[in-house]
Amino acid sequence: MEEQDDTEHSQEHRITTAELGPFCFARCSCGWRGPARRARSLARAEGQKHAMG
């Protein structure tokens, strides 16, 4: 039986932004992805909100 490592639960959220055509979205190292936005600043703000909890 495999044991789960606690580092998986304490993983730091690392937010990046990506562009897809005219849209930008935030994504996180935990697998979260925000909605596509036209304003990069809004996508970044949503990513920061996710990382803060």
Side-chain angles (χ1 to χ4, degrees):
M1 178 188 273
E2 285 186 39
E3 289 185 38
Q4 290 186 348
D5 191 4
D6 286 337
T7 57
E8 184 177 316
H9 297 290
S10 63
Q11 179 182 10
E12 182 179 328
H13 291 272
R14 295 177 191 223
I15 305 297
T16 58
T17 56
E19 294 185 12
L20 183 61
F23 297 98
C24 182
F25 59 91
R27 59 183 172 189
C28 182
S29 58
C30 75
W32 174 87
R33 179 180 159 175
R37 303 291 185 187
R38 288 193 183 266
R40 287 184 190 102
S41 60
L42 185 54
R44 280 189 215 112
E46 288 176 339
Q48 289 174 345
K49 184 177 178 181
H50 164 75
M52 305 225 20

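For the numbers below, each heavy atom of this structure counts, side chains included, while hydrogens, waters and symmetry mates do not.
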**Q** Suppose we screen for salt bridge (charged side-chain N to carboxylate O under 4.0 Å, His left out). Which residues come up paired with Arg40, at least two apart in sequence or across chains?
**A** Glu19

**Q** Of the options Thr17, Leu20, Leu42, which is the one that meets Phe25 in a side-chain contact (heavy atoms from CB on, under 4.5 Å)?
**A** Leu20

**Q** Can you list every pair that meets salt bridge (Lys or Arg N to Asp or Glu O under 4.0 Å) and has a residue in residues 23-33, with sequence neighbours left out?
**A** none

**Q** Quick one: list whatever passes side-chain contact (heavy atoms from CB on, under 4.5 Å) with Ala36, sequence neighbours left out.
**A** Phe23

**Q** Would you give me the side-chain donor-acceptor pairs under 3.5 Å for residues 43-53, sequence neighbours excluded?
**A**
from  : atom 1 : to    : atom 2 : distance (Å)
Glu46 : OE1    : Arg37 : NE     : 3.4
Glu46 : OE2    : Arg37 : NE     : 3.0
Glu46 : OE2    : Arg37 : NH2    : 2.7
His50 : NE2    : His13 : ND1    : 3.3

